[in-house]
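Heavy-atom basis, side chains included; hydrogens, waters and symmetry copies ignored. Worth saying up front: this structure is predicted, and the values here are computed from it rather than measured.
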Amino acid sequence: KISTGKLDLFGDTVADYNTTAAFDDVRALGTLAYISPNFSGFKFLAAIVPGSGTDHTSADGLAEQFSVALIYSANGIHASAAYEDLGENDEKWRIGLGYKGNGFQVTFVWENRDSDNSSHEYDTWTVQGGYNFGNNAIQAMWNTTDYDNGGDYDSWAIRFLHKMSKRTQVYILYVDSEKDLRFVSGSGREGRAIYLGIRHKGYYRLATPSHEKRGLRAPFFFAQREEG
């Protein structure tokens with residue numbers, strides 16, 4: 001997650017790449033991590049997780065699950081390479097690239113997962129971009145996921161953001177995904193949503209969507225599912 005977190009312009013929203021693509025940022029209990037000092041923009045990270053710290057596998061050793069990453073971040077350039085072993089022949093590679101300068105930001109993230117469980121094998125990638133002007137910003141993303149056993153899907157989103165102060169932002173976001181979005185109820189696959197959100201001191205304060213089958217979920221939130 002750390003290696004490419006800055007590259008997901010829609011992070012912690014209904015359109016982040018964990019929701020609209022197959023990216024899997026593991027949050028495990030009992031993680032032991034090391035983050036090196038910054039060496040001219042380079043940083044090394046490593047972590048081990050006891051088998052009981054996550055439900056991703058049934059591994060039970062002290063370090064049967066581990067991850068390592070190398071990050072370069074300087075002069076507007078962010079590049080990273082990461083590897084994660086979840087145990088029991090379940091592993092992931094992730095590459096991230098990004099550039100930020102003159103008001104523009106462009107990012108790309110790719111992840112490959114190889115597992116004995118064919119339903120967990122995939123290639124997924126996202127390309128995102130944004131432009132800041134004054135106290136405003138406009139951002140867009142496109143991602144696609146290709147599972148080895150089928151079930152491919154694409155997603156895209158666009159967001160307009162306004163900075164009310166250094167600590168407070170408001171935004172309107174539209175997302176359109178062929179993936180089964182977790183915040184839309186029903187029996188189909190595709191989800192669409194319009195969201196108004198506010199972020200203050202780094203936290204999003206959003207109304208929780210209900211589980212009703214109507215389109216209106218909560219104040220400032222609309223979601224629609226297409227039968228697929």
Side-chain angles (χ1 to χ4, degrees), residues 1-13 15-51 53-54 56-57 59 61-101 104-130 139-148 152-157 179:
K1 176 179 173 63
I2 296 177
S3 67
T4 57
K6 293 183 179 180
L7 302 180
D8 186 8
L9 305 186
F10 292 79
D12 296 323
T13 73
D16 68 19
Y17 59 39
N18 288 285
T19 301
T20 57
F23 290 98
D24 182 23
D25 288 337
V26 176
R27 294 174 172 86
L29 300 175
T31 301
L32 301 176
Y34 169 77
I35 301 177
S36 75
N38 190 314
F39 298 103
S40 301
F42 287 94
K43 187 179 294 185
F44 173 76
L45 301 86
I48 60 173
V49 182
T54 176
H56 279 70
T57 73
L62 177 62
E64 291 193 33
Q65 301 169 76
F66 68 90
S67 62
V68 292
L70 180 64
I71 301 174
Y72 174 80
S73 186
N75 303 315
I77 298 173
H78 183 99
S80 63
Y83 171 78
E84 188 170 63
D85 190 325
L86 297 174
E88 298 183 336
N89 299 317
D90 191 351
E91 57 186 8
K92 296 186 296 182
W93 287 93
R94 183 181 292 188
I95 302 294
L97 296 170
Y99 173 77
K100 184 177 182 180
F104 289 94
Q105 185 173 5
V106 180
T107 69
F108 172 81
V109 184
W110 166 84
E111 180 175 291
N112 169 268
R113 186 171 183 175
D114 188 15
S115 172
D116 285 346
N117 186 341
S118 61
S119 64
H120 290 168
E121 292 189 318
Y122 58 77
D123 282 281
T124 187
W125 57 265
T126 182
V127 59
Q128 305 183 12
Q139 302 165 331
M141 74 83 176
W142 172 276
N143 58 48
T144 187
T145 298
D146 181 8
Y147 277 92
D148 288 2
D152 307 341
Y153 54 82
D154 301 321
S155 304
W156 65 275
K179 186 182 179 183

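For Glu121, the side-chain hydrogen bond (donor to acceptor under 3.5 Å, both in side chains) criterion is met by no residue, not counting sequence neighbours. For the side-chain contact (heavy atoms from CB on, under 4.5 Å) test, residues two or more places apart in sequence or in another chain that qualify with Leu7 are Thr4, His78, Thr107, Val109. The side-chain hydrogen bond (donor to acceptor under 3.5 Å, both in side chains) check on Glu84 picks up Lys92, with sequence neighbours excluded. Judged as a side-chain hydrogen bond (donor to acceptor under 3.5 Å, both in side chains), and not counting sequence neighbours, the contacts of Tyr122 are Glu111. Shown here are the side-chain hydrogen bond (donor to acceptor under 3.5 Å, both in side chains) partners of Asn89, two or more places apart in sequence or in another chain: Asp116.
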May I have the step-by-step check of side-chain contact (heavy atoms from CB on, under 4.5 Å) for Arg94 and Phe23, ending in yes or no?
CA-CA 9 Å; Arg94 183 181 292 188; Phe23 290 98; 3.9 Å; yes

Mind running side-chain contact (heavy atoms from CB on, under 4.5 Å) on Asp148 and His120 for me, showing each step along the way?
CA-CA 8 Å; Asp148 288 2; His120 290 168; over 6 Å; no

Tyr99 vs Phe104, test: side-chain contact (heavy atoms from CB on, under 4.5 Å). Steps then yes/no.
CA-CA 8 Å; Tyr99 173 77; Phe104 289 94; 5.9 Å; no

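Nearest heavy-atom pair across Phe44 and Ala46 is CE2-CB, 3.9 Å. Among all heavy-atom pairs drawn from Gln65 and Leu86, the shortest one is CG-O, 3.4 Å. Heavy atoms only, all atoms of each residue included: Ser3 and Ser80 are closest at O-OG, 2.9 Å. Closest approach of Ala22 and Tyr147 over heavy atoms only: CB-OH, 3.7 Å.
The neighbour count for Ile2 CD1, taken as heavy atoms of other residues, nucleotides or ligands under 6.0 Å away, does not exceed 12.
Put simply, the side chain of Asp123 never gets that close to the backbone of Thr145: no donor and acceptor are under 3.5 Å apart. Looking at Asp8, its side chain does come within 3.5 Å of a backbone N or O of Tyr17 through a donor-acceptor pair.
One distance of note links CZ of Phe66 with CG of Leu32; it measures 14.5 Å at 0.5 Å rounding. The line from CG of Asn18 to OG1 of Thr13 is 10.5 Å long, rounded to the nearest 0.5 Å. In this structure, Leu9 CG and Gln128 CD are separated by 4.5 Å, a value rounded to the nearest 0.5 Å. Atom-to-atom distance recorded for Asp85:CG and Asp90:CG is 8.0 Å, nearest 0.5 angstrom. Between the CZ atom in Phe108 and the CD1 atom in Ile95 there is a gap of 9.0 Å [rounded to 0.5 Å].
Using modelled atom types and a 3.5 Å distance limit, the side chains of Trp142 and Asp154 yield no donor-acceptor pair. Thr20 and Asn143 form a side-chain donor-acceptor contact under 3.5 Å, judged by distance and modelled atom types alone.
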Do any side-chain atoms of residues 67-75 form donor-acceptor pairs under 3.5 angstrom with protein atoms, and if so which ones, sequence neighbours left out?
none

